[in-house]
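So you know, we letter chains A, B, ... as the sequences are listed, proteins then strands, and number each from 1.
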Amino acid sequence: MYIFDSVKKEKREFIPLQEGKVTLYVCGPTVYDNAHLGHAKSALVFDLLTRILNANGLNVVYARNITDIDDKIIKKAAVQNKDIKEITEFYTNEFYKEMESIGVARPNIEPKATESLNAMFEMIQRLIDAGHAYTTQDGDIYFDTKSDSDYLTLSKRVQDEGDKQERVKSSTLKKNPADFALWKSVKDDTLTFESPFGSGRPGWHLECSAMIEKHLAQPQLAFGVDIHGGGADLLFPHHENEAAQTRCSSNHELANYWMHNGFVNINGEKMSKSLGNSFFLKDALKEYDGEVVRFYLLSTHYRSNFNFNTEDLATAKKRLDKIYRLKKRLFGLALHSDTTEFQNNLLEALNDDMNISTALALIDEMISNANEILDTAGKHKALKKETLSNLAYIEKILGFGVKNPFEYFQFGIDEEAKSAIATLIKQRNTAKEEKNFEESDRLREEILSFGVTLMDTPSGTFWEKI
RNA sequence: GGUGCCAUCGCCAAGUGGUAAGGCCGCAGCCUGCAAAGCUGCUAUCCCCAGUUCAAAUCUGGGUGGCACCUCCA
């Protein structure tokens, strides 16, 4: 398998630190609001990565954190006049539910900042002892970026002392504008923790380093984890700072491979609070099955910038529909076959830095071939076996086609409408038997008004949500 | 201002030295009572200019046009 390492900026063959095992850490959400499409994209990308690694016979230990200590959370709690914990628990659950709806499996480990404080304290102490951190007069503790000669080697930024730094009105007590907080001494009591350094709260960058050390790292290895991932915006300063913390407090570098997924834009613009164009996952899920959203967000290479729009989402649905129609065609059959050439090719494509486009092209080709043969030789048992096996493989490795195909095509149609449609179909079939096509066409128009389409097949008349 | 990324058919999107995958849309046909679905066929020389090479969408240089990060951010 090959992975593009966004720090070395090249595609590298993936060789795990320990044979047969992979440690993966991905920066998770700060739980103060619902997940937007960007969160979904990131979760989806690393869900896919995990599946591919598994398919290669590797045992993946995947950790994704929940940041439940943050100024934004405090603000939200204040605005809504709610308890901090109420906010974080609510949005953590929302996150889990939303991720589940797009087929993202839960990571093995989901550490929370509030549950990892001791690990952070230990790391701060070691940084202080080693001369990499200092305490200011007002009790804040900063990482001394000047003390790390490898600082900025990750993002390959040029240290500039110039006026650029001036625009950030940071604490004048910092030795260097680039220094970042490990511990913020806070006097208010909204969200503070007792520590050996007094009361306050930890800096954001610290939690990831500490969690990796606590849950995934082994001191004897050259890196804390095999793969560290996150959104492209995290490379600097977040990952740069994480890397510095780990480098200076332990005897190894943080990660062997770095992976950063591209951004999701809305109509060509970055999603942001200030632009007011955030697109929440839950809104997309009102219109489309979660798997359609999954398919759409995954259908473009993970490193590319992704421009979200509803037209392309609808197009993605049409492509996913083809998988489900083939599944519907073979519904109820329980046949098995050995690994097929298609499956080998699919994995090979995904092993090349997750080349999803090639993978989807292979799937389309497989579907076409299967449909063609099924059209002409309906009793082709060997092909059916092979096709079912291929569909099962697609489900497992990509998470496409996991639902009951009939239910999939009925997304958004309520029970009342369903029974009404069923009645009308019966009436129409009667009319058809009587060769009363005028009446059957009239009934079809009536059925279509439910926003569905009809298909007459040898095994009966079916409808699908358009 | 600094750093980096990108520019391929109407739209989405692979390919990164060997002569342009795939999907959507469109057109023609098969199938169908008619449809829908499915199937078949058809549709680009890769932003511009110059260079390297037997050979470039792919490498180099120069343009033009987008975008991202440098501040919390997936």
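One N or O on the side chain of A:Thr315 and one on the backbone of A:Glu311 form a donor-acceptor pair closer than 3.5 Å.
Every residue meeting the ring-ring contact (aromatic ring centres under 6.0 Å, His included) condition with A:Phe279, not counting sequence neighbours, appears here in chain and number order: A:Phe308. With sequence neighbours excluded, the residues that form a side-chain contact (heavy atoms from CB on, under 4.5 Å) with A:Lys11 are A:Tyr2, A:Asp352, A:Asp353. Remark: A:Asn307 engages no residue in a side chain to side chain donor-acceptor pair (under 3.5 Å) (not counting sequence neighbours). Considering only residues two or more places apart in sequence or on other chains, A:Phe406 meets the ring-ring contact (aromatic ring centres under 6.0 Å, His included) condition with A:Phe331, A:Phe462.
RNA chain B is contacted by A:Met455, A:Asp456 of residues 455-466 of chain A, taking any non-hydrogen atom closer than 4.0 Å.
Here the side chain of A:Ser304 is nearest to one of B:C12, B:G33, B:A14, namely B:A14.
In this structure, the ring of A:His239 has its center less than 6.0 angstrom from the ring center of A:His260.
Going from atom OH of A:Tyr142 over to atom NZ of A:Lys184 covers 8.5 Å, rounded to the nearest 0.5 Å.
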- prompt: Just by protein heavy atoms under 4.0 Å, how would nucleotides 18-31 of chain B read 5' to 3' in B, S and -?
  reply: ---BBSSS------
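Nucleic acid contact class of A:Gly231 (heavy atoms, under 4.0 Å, all strands): sugar-phosphate only. Across all strands, A:Leu234 comes closer than 4.0 Å only to sugar-phosphate atoms, never to a base (heavy-atom distances).
The aromatic rings of A:Phe295 and A:Phe400 sit tilted, their planes meeting at an angle between 30° and 60°.
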